[in-house]
*Asks:* 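Below: one structure in structure tokens.
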Amino acid sequence: MIMGGGRRSRRFGIGRTERHADGGGGAGLLPLVRPTSPTPTIHRRLRNGGGNSTTASCSCWYCDFKIYALNEPLLRLGRRYSRYFRVWFSIGVGFALASLLGIALGLLYELARSLHVLQCKVELSSLLFGFSPMVSDMTISLADAGYIFLSTLISVSGHEFGHAVAAASEGIQAEYVAIFVAVLFPGALVAFDYELLQAVPKFSALRIYCAGIWHNAVICAICGLTLLLLPWILWPIFIHGENPMVLDVPNSSPLYGYLSPHDVILSVDGIPIHSPQEWSDLTVLIDGVAFPDSNYTKNNKDVGEGFGEKGYCVPNVLIEGSEEIQLVDNISTCPYDFSSFTWTPCSETSLLDDHPGDGAATRRDHAYCLNSQEIVKLKKCGTGWLKAVTNGSSCICSEDESCLAPIHDPGSTWIEITYASPYSQECLQSIRKLEPSSWTSLSTEPNCSGSFVYVGDLISLANSVWLTAYRPRWAFGFGTYFPCVLEKILTCTFHVSLMLAIVNGLPVFLLDGESILEAGLCYSGLLSLRQRERVLRLILWTGTVMSIIALLRMVDRAFL
């Protein structure tokens with residue numbers, strides 16, 4: 001955003017007003033920091049060794065920190081490459097004007113929805129900013145606050161750098177760069193002598209006004225392209241898309257004690273998992289809730305919507321030596337942390353064919369206590385598995401085996417989770433003893449993989465661990481978090497920069513949109529100076545009211 005450091009008179013020649021340049025944080029054009037009331041103001045100048053100076057000023061509602069040391073370097077940079085910068089920012093003019101038109105149409109869309117003139121379920125906040133309007137959890141961790149701060153710093157710096165260099169390429173030197181806090185809203189600004197801004201040609205002024213929005217759009221493009229190419233950029237150091245790796249397991253997670261940081265999830269119920277998204281989608285699918293837009297559902301046509309019982313082909317010899325179920329307080333339990341299993345049909349018709357009569361009574365008479373860690377290694381049977389596991393077979397158990405299913409509480413689900421610990425000392429030592437030609441996969445290497453059974457609510461399970469799609473090729477410490485941290489910084493910077501470009505493109509008072517509209521209307525030859533002034537005020541008042549309505553609707557959908 002830009003600030004006029006001196007007396008500003010509009011191009012239309014109507015009136016003179018004192019105005020500050022607008023700030024990149026969204027505070028807009030601010031009054032000059034000169035007390036017009038008895039409000040006390042603290043004004044302090046700090047001298048640097050090289051003759052450069054900084055100034056800090058503060059009042060009851062506005063504080064800023066002005067930096068003068070960047071004035072000369074920015075001017076030299078802009079004048080040295082002025083030819084290239086003018087071409088660059090001329091492209092930005094076209095983009096900014098198209099953005100203003102698109103934003104105006106978006107405001108009309110929101111106004112039509114608020115007046116119930118247009119019936120549509122598409123939420124602009126979700127499309128533009130990447131979040132759902134129904135915010136259920138507004139808690140922000142310290143790490144999230146750090147990501148927001150860093151992304152805001154990058155976005156605001158790029159925005160103000162655009163204004164400063166665009167002006168320098170036209171021969172206008174910035175008076176200072178300032179960081180401010182207006183009420184509770186932080187921001188940044190670049191101040192210019194507005195008399196010099198008036199002296200430049202109309203299109204040159206447009207280049208300066210549009211530079212901030214243009215640079216925010218470029219930042220969005222860089223972040224999006226980097227996110228798209230990140231797997232190839234990190235390929236020499238990290239493996240992507242093979243299996244999700246665990247970064248953290250909170251104490252409140254139901255998987256705490258079963259999975260550890262740097263473990264790799266190989267499969268769920270025998271279905272291979274390649275990314276955190278597949279982990280989330282598949283656990284929800286197994287719980288019986290369909291995800292129609294998930295990649296897993298689209299790529300696996302054999303996945304059904306309903307699930308029966310999951311069984312294992314248990315040898316009859318093992319069943320005969322099983323522990324007996326104990327009755328404690330009228331509740332059936334198994335000793336030694338064993339799990340209770342009962343007979344289940346291989347198919348929906350085999351119960352009637354093999355055991356005619358009361359199926360429920362037959363199942364109650366065939367309950368056994370078995371070691372679940374041993375049972376999960378056996379072949380699978382029953383109607384509860386995905387077809388990818390049983391290959392669609394109605395019954396794969398042999399004559400000397402029986403299909404047994406675990407007994408669990410209603411509402412809970414039984415799933416197998418296979419994982420690997422490729423960076424553990426046992427796994428690394430085991431791999432070093434093998435010839436490189438004999439290496440196959442983590443699931444087959446000795447001391448590298450394991451399995452356990454989870455019984456409970458899968459909806460809460462899906463997001464109870466912090467996963468990443470990147471796995472380091474070599475075992476090292478904090479570097480395992482680098483891809484995830486980089487992804488979050490890029491994603492947050494994309495959203496913040498996009499929001500900053502949209503806010504500054506709004507046709508409202510005190511923001512870049514006002515200056516762009518003012519300079520753009522000067523090209524209209526059909527309107528007189530007074531008419532252009534009236535049209536500008538009408539557009540700004542209408543845009544301000546519509547923006548307030550759209551903001552209130554977003555707040556209402558987010559918090560109420």
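Only heavy atoms go into these numbers, but all of them, side chains included; no hydrogens, no water, no symmetry mates.
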*Asks:* Determine whether the aromatic ring centres of residues F95 and H215 are separated by less than 6.0 angstrom.
*Replies:*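 No.
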
*Asks:* Please name the residue in the list L101, L107, T544, T542 that meets the side chain to side chain contact (heavy atoms under 4.5 Å, CB included) test with P507.
*Replies:*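 When L101, L107, T544, T542 are each tested with P507, the side chain to side chain contact (heavy atoms under 4.5 Å, CB included) holds only for L107.
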
*Asks:* How close do L227 and P231 get, heavy atom to heavy atom, and via which atoms?
*Replies:*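 Nearest pair, atom of L227 first, then P231: O-CD, 4.0 Å.
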
*Asks:* Do L467 and V246 pass the side-chain contact (heavy atoms from CB on, under 4.5 Å) test, and can you show the C-alpha distance, the side-chain angles, and the key distance before you say yes or no?
*Replies:* CA-CA 5 Å; L467 301 177; V246 179; 3.6 Å; yes

*Asks:* Should I222 and F494 count as side-chain neighbours, where that means a heavy-atom distance under 4.5 Å?
*Replies:*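 A side-chain contact under 4.5 Å is absent here.
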
*Asks:* Nearest 0.5 Å please: distance from the OG atom of S57 over to the OH atom of Y62.
*Replies:*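 Rounded to the nearest 0.5 Å, the OG-OH separation comes to 6.0 Å.
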
*Asks:* Among residues at least two apart in sequence or on other chains, which ones pass side chain to side chain contact (heavy atoms under 4.5 Å, CB included) with L97?
*Replies:*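 For L97 the side chain to side chain contact (heavy atoms under 4.5 Å, CB included) partners, ignoring immediate neighbours, are V93, I516.
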
*Asks:* Find the distance between CG (L196) and CD1 (I172) and round it off to the nearest 0.5 Å.
*Replies:*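 Here the rounded value is 5.5 Å.
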
*Asks:* Between Y81 and V165, is there a side-chain heavy-atom distance shorter than 4.5 Å?
*Replies:*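 No - every pair of side-chain heavy atoms lies 4.5 Å or more apart.
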
*Asks:* So, using side chain to side chain contact (heavy atoms under 4.5 Å, CB included) as the criterion, who are the partners of V545 when residues are at least two apart?
*Replies:*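 Result, side chain to side chain contact (heavy atoms under 4.5 Å, CB included) vs V545: I549.
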
*Asks:* Mark yes or no for whether S155, through its side chain, and T152, through its backbone, hold a donor-acceptor pair below 3.5 Å.
*Replies:*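 Here the side-chain-to-backbone pair does not exist.
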
*Asks:* Please find the pair of heavy atoms, one from F203 and one from S90, that lie closest to each other, and give the distance.
*Replies:*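 For F203 versus S90, the nearest heavy atoms are CE2-OG, 3.6 Å.
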
*Asks:* Which heavy atom of L500 sits nearest to which heavy atom of H159, and what is that distance?
*Replies:*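 Taking every non-hydrogen atom into account, CD2-CB, 4.0 Å.
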
*Asks:* Would you say that F482 contacts I237 through its side chain, given a criterion of any heavy-atom pair below 4.5 Å between the two side chains?
*Replies:*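 The answer is no, as the side chains (C-beta and beyond) never meet within the 4.5 Å cut-off.
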
*Asks:* Among residues two or more places apart or on two chains, list those pairs meeting salt bridge (charged side-chain N to carboxylate O under 4.0 Å, His left out) that have a residue in residues 203-213.
*Replies:*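 Applying salt bridge (charged side-chain N to carboxylate O under 4.0 Å, His left out) to every pair that reaches into residues 203-213, excluding sequence neighbours, yields E170-R207.
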
*Asks:* Can you sort out the partners of W541 under ring-ring contact (aromatic ring centres under 6.0 Å, His included), two or more places apart, ordered by chain and number?
*Replies:*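 In terms of ring-ring contact (aromatic ring centres under 6.0 Å, His included), with neighbours along the sequence ignored, W541 is linked to F509.
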
*Asks:* Which is it for D144 and Y147 under the side-chain contact (heavy atoms from CB on, under 4.5 Å) test, yes or no, and what are the steps along the way?
*Replies:* CA-CA 5 Å; D144 293 333; Y147 294 133; 4.1 Å; yes

*Asks:* In Å and rounded to the nearest 0.5 Å, what is the CG to CG distance from L510 to N504?
*Replies:*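 Separation between the atoms: 11.5 Å.
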
*Asks:* Do you know the tightest heavy-atom contact between T493 and S151?
*Replies:*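 Closest pair (atom of T493, atom of S151, distance): OG1-CB, 3.3 Å.
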
*Asks:* Got a sec, which residues hit side-chain hydrogen bond (donor to acceptor under 3.5 Å, both in side chains) with S497, two or more places apart in sequence or on another chain?
*Replies:*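 Scan of S497 (side-chain hydrogen bond (donor to acceptor under 3.5 Å, both in side chains), adjacent residues dropped) gives N216.
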
*Asks:* Looking at CD of E518 and NZ of K202, how far apart are the two atoms once the value is rounded to the nearest 0.5 Å?
*Replies:*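 So the gap between those two atoms works out to 12.0 Å.
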
*Asks:* Side-chain contact test, heavy atoms from C-beta onward, threshold under 4.5 Å: evaluate it for W279 versus V465 and give yes or no.
*Replies:*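 The answer is yes; the side chains approach within 4.5 Å.
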
*Asks:* Determine, stepwise, if the pair W88 / Y84 fulfils side-chain contact (heavy atoms from CB on, under 4.5 Å).
*Replies:* CA-CA 6 Å; W88 172 251; Y84 304 104; over 6 Å; no

*Asks:* Give the minimum heavy-atom separation between F192 and Q173, together with the two atoms involved.
*Replies:*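 Shortest heavy-atom contact: CD2-O, 3.8 Å.
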
*Asks:* Side-chain contact test, heavy atoms from C-beta onward, threshold under 4.5 Å: evaluate it for Y470 versus E487 and give yes or no.
*Replies:*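 Of all side-chain heavy-atom pairs linking E487 with Y470, at least one is under 4.5 Å.
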
*Asks:* Calculate, to the nearest 0.5 Å, the distance between atoms CG and OG belonging to N463 and S253 respectively.
*Replies:*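 If we round to the nearest 0.5 Å, N463:CG and S253:OG are 10.5 Å apart.
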
*Asks:* Side chain to side chain contact (heavy atoms under 4.5 Å, CB included) with I415: which residues, sequence neighbours excluded?
*Replies:*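 With neighbours one apart ignored, the set is V268, D269, I286, K310, T413, I417, Y454, L458, L461.
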
*Asks:* Show, in sequence, the C-alpha distance, side-chain angles and deciding distance for I265 and L259, and conclude whether the side-chain contact (heavy atoms from CB on, under 4.5 Å) test is met.
*Replies:* CA-CA 9 Å; I265 298 179; L259 293 175; 4.1 Å; yes

*Asks:* Please examine the side chains of I208 and F89, heavy atoms only from C-beta on, and report whether any two atoms are closer than 4.5 Å.
*Replies:*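 SC-SC contact between F89 and I208 ruled out.
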
*Asks:* Could you tell me whether the side chain of P261 reaches within less than 4.5 Å of the side chain of T480, counting heavy atoms only?
*Replies:*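 No, their side chains stay 4.5 Å or more apart.
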
*Asks:* Under 6.0 Å from the OH atom of Y523, do we count more than 12 heavy atoms belonging to anything else shown?
*Replies:*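 Yes, enclosed.
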
*Asks:* Could you tell me whether the side chain of D193 and the main chain of E195 form a donor-acceptor pair under 3.5 Å?
*Replies:*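 It does hold such a pair.
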
*Asks:* What's the spacing between L517 CG and D512 CG if we round to 0.5 Å?
*Replies:*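 Between L517 CG and D512 CG, I get 11.0 Å after rounding to 0.5 Å.
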
*Asks:* Minimum heavy-atom separation for R532 to L521, with atom names?
*Replies:*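 In terms of heavy atoms, the two residues are closest at CD-O, 2.7 Å.
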
*Asks:* Would a distance-only check, ignoring hydrogens and angles, find a side-chain to backbone donor-acceptor pair under 3.5 Å from N71 to E175?
*Replies:*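 Indeed, once roles are kept as given, a pair shorter than 3.5 Å links the two residues.
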
*Asks:* Kindly indicate whether the side chain of I148, heavy atoms from C-beta on, has any atom under 4.5 Å from the side chain of C492.
*Replies:*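 With C-beta onward as the side chain, the pair touches.
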
